[in-house]
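Computed from a predicted structure; not experimentally measured. Order of listing sets the numbers, starting from 1, for every ligand and every atom in it.
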Amino acid sequence: MTEAAQARTGGLYVIRRAREEDLPAVMMVNLRSLPENYWYGFFLSILRSWGRYFYVAEKDGEIVGYAMCRVEWVSDPVLIGEHNELEEGPLTFREKLKRIMGRQYKVVHLISIAVLPEHRKRGIGSELLRRIIDEATRDPGVVSIYLEVRVSNEPAIRLYEKFGFRKARIIRGYYRDGEDAYVMVLRIRPPEKGQSRDATDTGII
Ligand SMILES: CC(C)(COP(=O)(O)OP(=O)(O)OC[C@H]1O[C@@H](n2cnc3c(N)ncnc32)[C@H](O)[C@@H]1OP(=O)(O)O)[C@@H](O)C(=O)NCCC(=O)NCCS
């Protein structure tokens, strides 16, 4: 934790990379915090594949928060931070084609972040997100970080905006209960300075 954050949280919280033995506690935090829950094997595969983007917050040996991400390769101009549908309108036909067939760029998808209710508003969510952003910035290939968030989730939206994420798209009825999602995107570096690959290299086309 940064000194400022330690001062804010009383220096009691440790932010560190997640380990396999943390996963049951991470699942408890997830269950108590969000209606979007996942099975053990999902957490495990995320940790094993992209452990550098999986952090936990710990206090006196108890896991009180986590943030986990997946690294993806995408062509969608919104997800790579090149186009904002809410500010610039829907994708043009040409951009839609790019979305399907264009070069793919390396992006980080924040799948889930949560802090136990009794530990919120002490800067832990910020510290977890800061670690993810720092990691993506250190990874020379990553062009953006993106996430989905309920349109009604004001605390989370404020947290993301504080770190520079912008609402870039609405996905109607994204959640099981029918609520819409904002896609929020933080550009890490221009696509030409990141890592990309031809979609034809992947066997998709
Ligand atoms: C979103 C969440 C992770 C934030 O964690 P946190 O530890 O409380 O966050 P922080 O204390 O670092 O707060 C960071 C910023 O978020 C915003 N924020 C946090 N709680 C807020 C609230 N209740 N109302 C409005 N803004 C809030 C503020 O902008 C705050 O910055 P500030 O303290 O400088 O004003 C936490 O509320 C949570 O676990 N929510 C349930 C799970 C969830 O919704 N996850 C996101 C799914 S997309």
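Donor-acceptor pairing under 3.5 Å is lacking for the side chains of N30 and Y38. For the 3.5 Å distance criterion, the side chains of Y175 and E36 fail to qualify, holding no donor opposite an acceptor.
Inter-residue side-chain proximity for M68 and Y53 is flagged as unmet; no heavy-atom pair is nearer than 4.5 Å. L110 has its side chain within reach of Y160: a pair of non-hydrogen atoms, C-beta onward, lies under 4.5 Å apart.
Between K162 and ligand 1, a contact under 3.5 Å exists for at least one N or O pair. When only interatomic distances are considered, the shortest N/O to N/O separation between G123 and ligand 1 falls below 3.5 Å. At a 3.5 angstrom cut-off on N or O pairs, K121 counts as close to ligand 1. Residue E148 places no N or O, backbone or side chain, under 3.5 Å from any N or O of ligand 1. The shortest N or O to N or O distance between V115 and ligand 1 is below 3.5 Å. Every N/O-N/O distance between V149 and ligand 1 stays at or above 3.5 Å. In terms of N/O distances under 3.5 Å, ligand 1 is not approached by L34. Ligand 1 has no N or O atom lying under 3.5 Å from any N or O atom of H119, backbone or side chain.
Between the choices R120, R150, R32, R130, the shortest heavy-atom distance to atom 40 (N) of ligand 1 belongs to R120. Across the listed options N153, I113, V29, I113 owns the non-hydrogen atom lying nearest to atom 45 (N) of ligand 1. Counting heavy atoms only, S126 comes closest to atom 10 (P) of ligand 1 of the residues S126, P117, S112, P35. In the candidate list A156, P155, G125, A57, P155 is nearest to atom 23 (N) of ligand 1, counting heavy atoms. Heavy-atom proximity to atom 26 (N) of ligand 1, evaluated over R158, M184, E36, R122, is greatest for R158.
In this structure, L31 belongs to a hydrophobic cluster whose other members, linked by side-chain heavy atoms under 4.5 Å apart, are M28.
At a heavy-atom cutoff of 4.0 Å, ligand 1 is contacted by no atom of L147, backbone or side chain. Counting heavy atoms under 4.0 Å from ligand 1, residue Y182 does not touch it at all. Contact annotation for E127 and ligand 1: no heavy atom of the residue comes within less than 4.0 Å of the ligand. At a 4.0 Å heavy-atom cut-off, ligand 1 does not touch E161 at all.
Residue contacts with ligand 1 include Y160, since one or more of its heavy atoms lies under 4.0 Å from the ligand.
The hydrophobic cluster containing I46 also contains I133, counting ILVMFWY residues as joined when their side-chain heavy atoms lie under 4.5 angstrom apart, directly or transitively.
Distances below 4.0 Å separate heavy atoms of S33 from the following atoms of ligand 1: 41 (C), 42 (C). Within ligand 1, counting atoms from 1 as listed, the ones closer than 4.0 Å to a heavy atom of I124 are 7 (O), 12 (O). Of all atoms in ligand 1, numbered sequentially from 1 with element shown, those under 4.0 Å from a heavy atom of A114 are 39 (O).
Paired with I132 under the rule side-chain contact (heavy atoms from CB on, under 4.5 Å), one option of I145, L186, L147 passes, and it is I145. Among R169, K167, R166, the one residue that satisfies the salt bridge (Lys or Arg N to Asp or Glu O under 4.0 Å) test with E87 is R166.
Salt-bridge formation is not detected for the pair R158/E161: no Lys NZ or Arg NE/NH1/NH2 atom is positioned less than 4.0 Å from an Asp or Glu carboxylate oxygen. A salt bridge between R138 and E135 is present, with a side-chain N of the basic residue lying under 4.0 Å from a carboxylate O of the acidic one.
In this structure, CZ on R103 lies 12.0 Å from CD on E192, to the nearest 0.5 angstrom. For the atom pair CZ of R32 and CD of E118, the computed distance is 4.5 Å after rounding to the nearest 0.5 Å.
Not a single ring pair (Phe, Tyr, Trp, His ring centres under 6.0 Å) links F54 to another residue, sequence neighbours left out.
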